[in-house]
Amino acid sequence: MTSAGIKRILPSILAGLVVATTPGIGMAASLAGQEGDKRFPPALTRDAKSPCNKAYKAYVAAGGHSAYATTPYSRVVSLYIICGSSLNAPSQKEAEGAAMKSCLATRAHYKVTTGGTCEIASSK
């Protein structure tokens, strides 16, 4: 191979090496299937059709930044679980804010005064 041929091929080889070795360019990591930062274990019912169970499963399945907020559960005080979630937000912080807003709106809708306030159970 001549030096002119090498000069033509070399930039392509170097560009390929840069793309292959730079993290984040070759492939983006998906968050799907991960529970993320778990602050406390969410109390999920045995009923698979429960809205909070569905919301938590959707949170775990989401591929982007997501959060799940819920009221803490105590067998002595709580007769219900209220939750909210945000899926595929631009950032983890925005997902947490939207999940809290969703949980608080649900709590206000049902005019709940006992059982604690909403907290972020997990986010990613």
Tyr73 side, atom OH; Leu44 side, atom CG - distance, nearest 0.5 Å: 12.0 Å

Side-chain donor-acceptor contact under 3.5 Å, Ser122 with Glu35: no

Ala99 versus Ala69, closest heavy-atom pair with distance: O-CB, 3.7 Å

Check: Arg46 and Asn53 side chains under 4.5 Å, non-hydrogen atoms: no

Distance-minimising heavy-atom pair for Lys124 and Gln34: NZ-O, 3.1 Å

side-chain contact (heavy atoms from CB on, under 4.5 Å) between Gln92 and Asp37, intermediate numbers included: CA-CA 10 Å; Gln92 184 176 359; Asp37 301 329; 3.0 Å; yes

Contact summary for Ala62 and Ser66, nearest pair of heavy atoms: CB-OG, 3.3 Å

Leu31: hydrophobic cluster co-members (side-chain, 4.5 Å): none

Chi angles and distances behind the side-chain contact (heavy atoms from CB on, under 4.5 Å) call for Thr71, Thr117: CA-CA 6 Å; Thr71 53; Thr117 186; over 6 Å; no

Residues, nucleotides or ligands: over 12 heavy atoms within 6.0 Å of Lys38 NZ: yes

Ile82 side chain reached by Val112 side chain, heavy atoms, under 4.5 Å: yes

Asn88 to Gly63 - nearest heavy-atom pair and separation: OD1-N, 3.4 Å

Heavy-atom pair of closest approach, residues Glu94 and Ser91: N-OG, 3.2 Å

Beyond-backbone contact of Met100 with Ile120, side-chain heavy atoms, under 4.5 angstrom: yes

Contact summary for Ala48 and Lys57, nearest pair of heavy atoms: CB-NZ, 4.3 Å

Pairs where residues 41-60 contributes a residue and the test ring-ring contact (aromatic ring centres under 6.0 Å, His included) is met, not counting sequence neighbours: Tyr56-Tyr59, Tyr56-Tyr68

Under-4.0 Å salt bridge between Arg39 and Glu96: yes

Test: Cys52-Cys83 SG spacing under 2.5 Å: yes

Please list every donor-acceptor pair under 3.5 Å in which a side-chain atom of residues 102-109 meets a protein atom from a residue at least two apart or in another chain.
| from | atom 1 | to | atom 2 | distance (Å) |
| --- | --- | --- | --- | --- |
| Thr106 | OG1 | Ser102 | O | 2.9 |
| Arg107 | NE | Gly116 | O | 3.0 |
| Arg107 | NH2 | Gly116 | O | 3.0 |

